[in-house]
Structures are given as C-alpha cells and as structure tokens.
Amino acid sequence: MRDTLTLPRPDDWHLHLRDGDMLAAVLPYTTAHFGRAVVMPNLKPPVRTGSDAASYRQRILDARPEGTDFTPLMTLYLTEQTDPADVVAAHRDGIITGVKLYPAGATTNSDAGVKDIANVMHTLSAMAEAGVPLLVHGEVTDPAVDIFDREATFIEQVLIPLRTALPELRVVFEHLTTAEGVAYVLGCRDGRVAATITPHHLMINRNALFRGGIRPHYYCLPIAKRERHRRALVDAVTSGDVRFFLGTDSAPHLDPAKESDCGCAGIFNAPNAIACVAEVFEQADAMEHLAGFISINGPTFYGLPVSRKTITLVRRPSPPHPPVMVRGLPLRVFDPEVSLSWSVQP
Ligand code: NCD
Ligand code: ZN
C-alpha cells in the first residue's frame with residue numbers, strides 16, 4: 001500500500017469566497033491546497049461587469065496570505081441586462097474565465113439571475129462565437145417541480161434546447177448531482193461539455209439531511225440526492241473520464257445562518273475537500289485517477305496549463321476540522337461522518 005502520493009497542484013473549478021472579513025477568513029484554506037479557483041460571482045450585489053470582476057479579483061489578491069501565489073479565475077453573473085460586448089472584452093482581456101448562469105431564485109443570491117433563457121440568447125450566442133464558457137447552475141426553479149427532480153428537468157427543458165440552438169457554446173454543468181446529469185455529460189461527445197462535482201455530493205446522500213433529526217449543515221443546492229445518484233457520481237469521477245473535475249462548491253455561511261428557521265444553502269468544505277476526495281478514490285480503488293479529477297481534467301478543459309507545482313498526500317488520518325471563527329461566530333467545516341485516511345502534507 002502506498003503511503004505518499006505526489007500530484008500536480010490541484011485547482012478548484014467552483015468556489016464561493018464571498019467578500020470582506022468572510023473572504024479573509026476562508027481564503028487561506030483554499031490557498032493552502034489549490035493553485036487556482038474559479039470564483040463564483042453571487043455576491044450581494046453580484047459581479048455583473050468586467051469592471052466588477054477586476055475589482056473583486058484585486059480584493060481577493062489583496063486578501064491572499066503572505067507568500068502564496070494563488071490565482072483567482074473570475075466569473076460574471078449573467079443577467080438579462082448583461083452586455084455581450086462587455087463579456088467578450090472581459091474574456092479577451094483575461095479578466096474572466098467564464099459566465100455563470102443562475103436561474104432566478106435557484107439558490108443563494110440568485111434573485112438577479114435569468115428568468116427566461118430567451119432573454120439572454122444574444123449574450124450566449126456572442127459567448128459561443130468568442131469561446132467564453134458558460135457555467136450553469138442546472139436546476140429549474142418552477143416550484144411545481146419536486147426539488148429532487150430539478151436537475152433532471154433542467155436538462156430536458158433548458159440544456160438540451162440550448163445546446164441544440166448553440167452547439168458551439170462551451171458548457172460546464174456545475175455541481176452535478178444526478179445519474180441523469182452524468183448520463184447527459186457522457187452523451188456529449190464534442191468536447192464542449194464538462195461537469196464539476198463536489199466532495200460532499202460524492203460522500204453523502206439525502207439521508208444525511210435527516211439522520212436522527214434535521215441537519216442543516218448538510219443542506220446545499222443542488223440538494224443531495226438518493227444513494228443511486230451518489231454512486232453514479234462516484235463511478236463517473238473514478239472512471240478517469242476527462243469530462244469530470246473537482247469543483248468544491250465550498251460555500252461558507254456562518255452557523256447561525258444555517259441553524260435557523262430558514263437556513264441558508266451551502267456547505268463549507270475548503271479545509272478538507274482534498275482529503276474527502278482522496279477518501280472517495282481510495283474506497284473505489286481508483287487512486288490512479290485522482291490526479292485527473294483534481295489537477296488535470298479541469299485545466300485541460302479550460303485550455304490552461306496543468307500546474308508544474310505539486311502537492312503531497314500522506315496516509316495519515318485527517319482529524320475532524322474545528323469550526324473556523326469569523327466575526328466571533330463559528331463556521332462549521334463539512335463533516336463527512338467517516339474517517340479520512342489521507343492528509344495534505346503542509
Ligand atoms: C451556494 C452559496 O451559498 O453561494 N450555495 C450552495 O448551496 N451551493 C450557491 C450555489 O452554488 O448554488
Ligand atoms: Zn456554488
């Protein structure tokens with residue numbers, strides 16, 4: 001049995017860093033393990049323009065711990081008012097890596113998102129032409145659709161028609177959670193569709209939300225699904241298929257905001273994301289594909305170089321991580337409820 005594993009430095013292809021003191025508190029956990037991260041734009045107010053993205057990027061760079069060379073990869077929040085010329089210019093100038101589609105009301109801070117995809121087709125068409133990736137939160141928001149079916153319904157109602165209309169558009173299906181999502185991505189063979197998958201959706205199913213009572217720290221969107229879906233995700237990532245890569249969707253909300261009458265969606269996993277994923281790959285006897293998932297497939301899809309730096313994993317238990325304190329309040333770290341046998345060597 002191997003006891004150490006050295007891999008190219010990983011990247012996080014879907015991350016919420018927030019702003020201000022929350023940014024300062026959570027960023028060091030990402031920079032400790034990851035070289036780059038695609039930073040989500042769902043601030044209040046959202047990151048809507050190239051100029052918003054440039055200033056947010058600078059705030060992240062200013063918040064980096066001394067001596068780290070972490071690179072934030074910025075995204076714009078697509079609205080029905082987005083100016084296609086601004087998107088194309090921001091991408092051409094290297095300010096943004098992609099544009100995020102939030103169906104209005106789908107998740108945290110998505111109120112300014114897209115109500116009707118028809119109203120953004122001109123922007124999506126300009127993105128397809130200029131090669132700007134679209135990152136999708138793939139859930140319909142119709143309250144008549146069961147929350148556990150919203151991803152599968154999105155594929156049928158939005159994604160398939162969109163890809164038929166704009167086959168050149170590069171699409172990243174963010175935080176995939178279902179067997180239907182995996183099947184959809186596997187069916188896209190033109191190299192233009194990929195998906196991020198989170199550590200928590202690889203480790204928990206929907207039972208975790210209700211084990212012995214209601215468990216707000218396992219509530220995120222898209223919501224965790226049945227065990228058969230979790231298995232489909234594990235099979236997809238551990239198969240070595242290059243269309244799947246790690247997006248932690250680490251989404252910090254202070255504990256009181258989650259432990260409330262109407263608790264926020266989001267799981268904070270930046271401190272143990274790599275240890276969790278290593279556990280999943282080891283349990284599946286697929287450690288040879290770990291580097292692909294966390295370090296290689298993502299940059300390859302985005303046309304970026306794989307990191308020349310490395311990280312080393314050692315077979316040493318990662319103990320449960322204590323809460324991170326922000327403004328004197330606790331921010332709980334994802335608890336996978338199993339022991340983690342690998343640690344990242346500091
Ligand atoms: C995210 C957040 O808190 O910003 N929450 C979540 O449950 N994943 C938003 C998102 O990615 O949907
Ligand atoms: Zn997210």
Side-chain angles (χ1 to χ4, degrees), residues 11-20 22-23 25-27 29-30 34 37-48 56 60 72-78 97-114 133-141 147-148 150-151 154 158 172-178 181 194-204 206 208-209 215-225 233 245-260 262-270 273 276 298 324 326 331-334:
D11 304 299
D12 183 349
W13 298 95
H14 181 128
L15 174 66
H16 299 270
L17 285 174
R18 316 301 190 204
D19 217 338
M22 182 66 99
L23 166 65
V26 299
L27 183 59
Y29 295 97
T30 289
F34 297 93
V38 170
V39 180
M40 290 296 125
N42 62 333
L43 303 181
K44 283 188 240 174
V47 179
R48 293 176 212 236
Y56 185 31
I60 297 169
L73 303 172
M74 308 310 291
T75 57
L76 293 187
Y77 186 117
L78 182 62
T97 295
V99 173
K100 182 73 190 277
L101 165 65
Y102 288 105
T107 188
T108 308
N109 299 343
S110 64
D111 299 348
V114 174
L134 177 70
L135 283 51
V136 297
H137 183 111
E139 290 192 288
V140 294
T141 54
I147 186 170
F148 294 100
R150 287 179 188 172
E151 183 172 293
F154 180 88
V158 183
V172 185
F173 202 144
E174 297 292 316
H175 41 48
L176 207 62
T177 62
T178 59
T196 59
I197 298 189
T198 76
H200 42 282
H201 289 107
L202 292 171
M203 298 193 90
I204 61 163
R206 66 191 197 175
L209 281 150
R215 303 281 196 145
H217 294 284
Y218 294 106
Y219 176 54
C220 67
L221 289 170
I223 198 159
K225 308 294 193 300
L233 301 174
F245 37 86
L246 175 63
T248 65
D249 197 15
S250 183
H253 294 277
L254 294 176
D255 288 2
K258 290 195 63 75
E259 297 163 5
S260 111
C262 184
C264 297
I267 291 176
F268 175 57
N269 63 19
C276 285
V324 171
V326 189
L331 166 61
R332 190 177 304 202
V333 177
F334 174 57

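Note that ligands are numbered from 1 as they come in the structure, with each ligand's atoms numbered from 1 the same way.
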Check: Do we see a donor-acceptor contact under 3.5 Å between the side chains of His253 and Arg332?
Finding: no
Notebook entry, point to check: Does the side chain of Glu174 come under 3.5 Å of the side chain of His137 through a donor N or O and an acceptor N or O?
Noted result: no
Side chain [X], main chain [Y], donor-acceptor under 3.5 Å:
{"X": "Ser250", "Y": "Asn269", "value": "yes"}
{"X": "Lys258", "Y": "Tyr219", "value": "yes"}
{"X": "Tyr56", "Y": "Asp19", "value": "no"}

Contact check: [X] vs ligand 1, nitrogen or oxygen atoms, below 3.5 angstrom:
{"X": "Lys100", "answer": "no"}
{"X": "Asn42", "answer": "yes"}
{"X": "Ala265", "answer": "yes"}
{"X": "Leu221", "answer": "yes"}

Heavy atoms only, cut-off 4.0 Å: how does [X] contact ligand 1, side chain, backbone, both, or neither?
{"X": "Ile267", "result": "neither"}
{"X": "Met40", "result": "neither"}
{"X": "Glu174", "result": "neither"}
{"X": "His200", "result": "neither"}

Subset of ligand 1 atoms that lie under 4.0 Å from at least one heavy atom of [X]:
{"X": "His137", "result": "12 (O)"}
{"X": "His14", "result": "11 (O)"}
{"X": "His253", "result": "2 (C), 3 (O)"}
{"X": "Cys220", "result": "7 (O)"}

Notebook entry, point to check: Does any N, O or S atom of His14, backbone or side chain, fall under 2.8 Å from the Zn ion (ligand 2)?
Noted result: yes
Note to self: Using a distance threshold of 2.8 Å, state whether an N, O or S atom of His175 lies below it from the Zn ion (ligand 2).
What the structure shows: no
Notebook entry, point to check: Relative to the ring of His175, is the ring of His14 parallel (under 30°), tilted (30 to 60°) or perpendicular (over 60°)?
Noted result: tilted
Margin query: Does the plane of the ring in Tyr29 sit parallel, tilted or perpendicular to the ring in Phe268? Use 30° and 60° as the thresholds.
Written below: perpendicular
Next item on the list: Nearest 0.5 Å please: distance from the NZ atom of Lys100 over to the CG atom of Asn42.
Entry: 6.5 Å
Note to self: Suppose we only allow N, O or S atoms; which atom of Asp249 ends up nearest to the Zn ion (ligand 2)?
What the structure shows: OD1
Check: Does the side chain of Leu135 reach to within under 4.5 Å of the side chain of Val38, using non-hydrogen atoms?
Finding: yes
Notebook entry, point to check: Can you check whether Thr248 reaches Thr198 side chain to side chain, under 4.5 Å on heavy atoms?
Noted result: no
Quick test: of every protein heavy atom, which one is nearest to [atom], and how far off is it to 0.1 Å?
{"atom": "atom 12 (O) of ligand 1", "result": "Thr107 OG1, 2.7 Å"}
{"atom": "atom 11 (O) of ligand 1", "result": "His16 NE2, 3.0 Å"}
{"atom": "atom 8 (N) of ligand 1", "result": "Asp249 OD2, 2.7 Å"}

Notebook entry, point to check: Can Arg215 and Glu259 be counted as an ion pair, charged N to O under 4.0 angstrom?
Noted result: no
